[in-house]
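A short worksheet on the structure shown next.
Since we're looking at a predicted model, the values are computed, not measured. One-based numbering, in listed order, for ligands and for the atoms of each.
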Amino acid sequence: MRNQAIFIGTLLLLGVMSCKQEEPKQQEATETETEAAYREPHRPRFHFTPPAQWMNDPNGMFYLDGEYHLSYQYYPDSTVWGPMHWGHAVSRDLVRWEHLPVALEPDSLGYIFSGGSVVDTANTSGFGSLDNPPVVAAFTHHDPEAEKAGRDDFQNQSLAYSLDRGRSWTKYEGNPVLKNETQIRDFRDPKIIWHPQTGKWVMALAVYDRVQFYGSPNLKDWSYLSEFGIPGDTRLWECPDLFPLEDPETGEIKWVLIVSIQQEAPNGGTATSYFVGDFDGTRFIANPAAQQWLDWGTDNYAFVTWDHAPVGPQERVGIGWMSNWQYAQEVPTEAWRSAMTLPRVLTLRAVEGGYSLNSSPVEALEALRGERTDLGRWAIAKEEEVTGAFSPSQCELLLHTDMENTTAALFGMTLSNGKGDRLILGFDRENQQVWVDRRQSGPKGFSEDFFKGPHTAPFEAEDLRDLRIYLDVASLEVFAGQGPLNFTEIFFPEAPYDTLTFWADEGVWVIGSGTVFSLDGIWETP
Ligand code: FRU
């Protein structure tokens, strides 16, 4: 509880320092302004970033009429956290985004914290009609005044709706719809799903160190169903997401509960975790009870999924915030702060005693592929520079390792530049670890935590056969195998990384076949 109080207290202080009442914020920019902005140092080229200022969690994600909507925690007056708004963007393919005006602004009930949106097809809320069903956004109203006054009930759940494909939003006059009567201060981040088997809406809500579930026939009246936690766990849980996934092998339906954890992640700070189990409309039972990590890197937080996305029952599409509360407000970007991860598809994989999730980048990203460099079959002994029609700062690598002929104890790749910065991705076969070392990845001084490491994750040798790696100016995303292992990390070199080296220690790393694609930027006019 104390950690959270310090965290929110610090955030509020920063917010109060820079809080101003202003005209409604517009995020629209002309095409050329956008292109110029997206050429700033460290600005990712094919990841979603806000046009300017501070962003954290993805929020209010739904798909309607051919458009994926992405809202996000946004503070339009500063590059640090402050009074939260919902920024807003849409995409037809999850790859190229169009910025829209801010969707929700703070009001007399407080800041607009995280939450999710649903398409209310049957108009259960009565906000629209059957002909024009409403999209309903559920979010936490965080009242900073009530918090300062020492009250426990400063986080309550509220609604807003749109009848025009998310272009404008009306807050419900009956807000808040779910008041905090728990006497637990952390009571936030509602994520709603329609549960057809019991004919009601189910809300997953983070309540300090657990998730509570609430049910409603109409999105306005909520009643408590149950709660789920780990006995003895006192870490702060945030941003839950509950959804079903079908086992591709057996056709069985399992339920996934995603929860972001605010401290003590495997490589420090904050990270997204999940449980797989069963949900009967009232209660979630994890099976097995173990918590798993969605991503082993330091930079994938608050990962949540799209409502209504046009995918089959075996898939769920989501996105995470590519940062970490340990240093998010200190990273050396000037005009804006934070990017989202690449959008990813989650699928179930049966493992001994239960299930895990695979995540892989959405296929639509292939549309960004430009020049192709084939590496062919290649036995790497010591060090080899990898050159071709691509920039090591903006590319996709597909590597198939010939495990049978690979003898190296350690192998991997290094990104470097003329300034002496380097980022290392390595595979340690003996200790079955993948590691990322960003300790020398760029100028230090902005955060001690950022430069700790190296960061590691356990792997199965089998996972290394197929590696898919995305490099985008200031980020690395590794997908191993068909997706059991994800590793996402950010970094800030003094100059763009222009050299890519493959290396092997104590033996050879045999790449059976390899391809590098240069990737187009998503903000440039084709
Ligand atoms: C997670 C979080 C949420 C909260 C939001 C505030 O990163 O702390 O729990 O709603 O950020 O911006």
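Under the 4.0 Å criterion applied to side-chain N and carboxylate O atoms, R468 and E477 are not assigned as salt-bridge partners. Salt bridge status for D278 with K254: present, with a side-chain N to carboxylate O gap under 4.0 Å.
For K452, the salt bridge (charged side-chain N to carboxylate O under 4.0 Å, His left out) test picks out D449, with sequence neighbours left out. Scored by the salt bridge (charged side-chain N to carboxylate O under 4.0 Å, His left out) test, E363 finds no partners at all (sequence neighbours excluded).
With ligand atoms numbered from 1 in the order given, ligand 1 contributes 12 (O) to contacts under 4.0 Å with heavy atoms of M84. Of all the atoms in ligand 1, the ones that sit under 4.0 Å from a non-hydrogen atom of D57 are 1 (C), 2 (C), 3 (C), 5 (C), 7 (O), 11 (O). Atoms of ligand 1 lying under 4.0 Å from any heavy atom of R188, numbered from 1 in the order shown and given with element: 3 (C), 4 (C), 9 (O), 10 (O). Every atom of ligand 1 is numbered from 1 in the order shown, and the set under 4.0 Å from a heavy atom of Y301 is 1 (C), 7 (O).
Comparing heavy-atom distances from atom 9 (O) of ligand 1 across D189, D186, T270 singles out D189 as nearest.
An N or O contact shorter than 3.5 Å links S114 to ligand 1 by distance. Checked against a 3.5 angstrom limit, the closest N/O atoms of E238 and ligand 1 fall inside it. When only interatomic distances are considered, the shortest N/O to N/O separation between Q73 and ligand 1 falls below 3.5 Å.
Partner T140 forms a side chain to side chain donor-acceptor pair (under 3.5 Å) with one of R188, Q157, Q155 and no other, that one being Q157.
Heavy-atom distances between Y111 and ligand 1 stay at or above 4.0 Å for every pair. Taking 4.0 Å as the cut-off, T140 does not count as a neighbour of ligand 1 on heavy-atom distance. For W81, the closest heavy-atom approach to ligand 1 falls below 4.0 Å.
At least one test fails for R210 against the ring of W237: distance under 6.0 Å to the centre or angle within 45° of the axis. Taking the centre and axis of the six-membered ring of F451, the NZ or CZ atom of R438 falls outside the cone set by 45° and 6.0 Å.
Using a 3.5 Å distance cut-off with no hydrogens or angles, the side chains of T488 and R344 do pair a donor with an acceptor.
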